[in-house]
Amino acid sequence: MPDPRIELFEGDITTLAVDAIVNAANPTLLGGGGVDGAIHRAAGPGLRAECATLGGCRTGEAKITKGYNLPARHVIHTVGPVWRGGGHGEAEALAACYRHSLALAIEHRLASIAFPGISTGVYGYPPEEAARIAVAEVERFLTGDTSLERVIFVCFGRQATEIYRGVLSDSIHSR
Ligand code: AR6
């Protein structure tokens, strides 16, 4: 059986009323394009002002802010690796993004968190490989944690949904 705490949602992460949405940010944390741009637009200027106090964020790490005008209470900002062919520690860095984001959620006693496909846009990570890492890290984390109630993978478009469906069903069959 799939872990009932894991869900897929196809659409815009900025619409989700969860405890935290995760932002695929860059090391400045000052905004950008893609999901980062969408989150900053929807949250309003308070988000950028708080981000400006954080001193940036290294690849694989994560920092938390309030959600401002978003329906989500918090934003967890993480910086994924830029894909450079796969031989430069990209997989470990991407796994660290998920682990550190989940750890922050626990630390702040959050029960629900939504992830976009970190690094799979501008940063060029192959989406299926990225989804395998995302699912493996979340499943591993949920095995040891009982306080998170919902982890949502946000799929931006039908193709992303199909990829996550496939990866989740593979991981169920391999148990
Ligand atoms: N809701 C959910 N997912 C989305 C949304 C949205 N509103 N918009 C895009 N995506 P990207 P990265 C998906 O490029 O690859 C920024 O400029 C998108 O389809 O946003 O980690 C930052 O400032 C893709 O699957 O992030 C950095 O400079 C996924 O979100 C850089 O881009 C991530 O795509 C980070 O690149």
Side-chain angles (χ1 to χ4, degrees), residues 6 8-10 12-14 16 18 20-41 43 47-48 50-65 72 74-108 110 113-145 148 151-157 159-168 170-171:
I6 295 179
L8 297 185
F9 170 78
E10 186 177 305
D12 180 356
I13 199 167
T14 66
L16 294 180
V18 287
I21 60 172
V22 176
N23 183 16
N26 63 61
T28 69
L29 296 185
L30 297 178
V35 72
D36 194 7
I39 288 172
H40 276 271
R41 268 194 305 281
L47 181 61
R48 193 180 186 282
E50 185 177 353
C51 284
T53 68
L54 298 178
C57 183
R58 291 195 185 145
T59 300
E61 295 186 352
K63 296 199 174 172
I64 190 166
T65 63
H74 298 88
V75 180
I76 293 175
H77 306 262
T78 190
V79 179
V82 176
W83 179 257
R84 292 195 289 145
H88 296 83
E90 293 95 328
E92 179 43 44
L94 186 61
C97 289
Y98 285 90
R99 275 201 304 277
H100 288 140
S101 298
L102 291 162
L104 264 184
I106 297 302
E107 204 181 300
H108 290 263
L110 309 184
I113 182 169
F115 284 99
I118 299 161
S119 284
T120 62
V122 174
Y123 281 0
Y125 210 108
E128 182 158 347
E129 287 175 57
R132 285 191 193 286
I133 289 170
V135 168
E137 287 306 321
V138 165
E139 286 186 332
R140 184 173 308 141
F141 198 89
L142 288 176
T143 305
D145 173 75
L148 269 176
V151 179
I152 301 163
F153 290 117
V154 179
C155 304
F156 203 55
Q159 211 180 341
T161 306
E162 293 310 322
I163 288 172
Y164 272 91
R165 281 217 184 101
V167 168
L168 281 168
D170 286 352
S171 91

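- Listed by first and then second residue, the salt bridge (charged side-chain N to carboxylate O under 4.0 Å, His left out) pairs that reach into residues 27-39 come to none, sequence neighbours excluded.
- When the side-chain hydrogen bond (donor to acceptor under 3.5 Å, both in side chains) test is applied to Arg140, the partners found at least two apart in sequence or on another chain are Glu137.
- Here Leu142 pairs with Asp3, Arg5, Ile6, Val138, Leu148, Val151 under the side-chain contact (heavy atoms from CB on, under 4.5 Å) rule; sequence neighbours left out.
- When the salt bridge (Lys or Arg N to Asp or Glu O under 4.0 Å) test is applied to Arg165, the partners found at least two apart in sequence or on another chain are Glu162.
- Applying the ring-ring contact (aromatic ring centres under 6.0 Å, His included) test to pairs two or more places apart or on separate chains, those with a residue in residues 86-107 are Tyr98-Phe115.
- Take Phe9 and apply the side-chain contact (heavy atoms from CB on, under 4.5 Å) test, not counting sequence neighbours, and it matches Thr15, Leu16, Ile152, Val154.
- Remark: Glu10 engages no residue in a salt bridge (Lys or Arg N to Asp or Glu O under 4.0 Å) (not counting sequence neighbours).
- Scanning all heavy atoms of the two residues, the minimum distance from Ile13 to Ala114 falls at CD1-O, 3.6 Å.
- Within the structure, side chain to side chain donor-acceptor pair (under 3.5 Å) contacts touching residues 74-86 (residues at least two apart or in different chains) are Asn23-His77, Thr65-His77.
- The side-chain contact (heavy atoms from CB on, under 4.5 Å) test applied to Arg58 returns Glu61, not counting sequence neighbours.
- Note on residues 126-136: pairs passing salt bridge (charged side-chain N to carboxylate O under 4.0 Å, His left out), not counting sequence neighbours, are Glu128-Arg132, Arg132-Asp170.
- Applying the side-chain contact (heavy atoms from CB on, under 4.5 Å) test to Ala91 and every residue at least two apart in sequence or in another chain returns Tyr125, Ile133.
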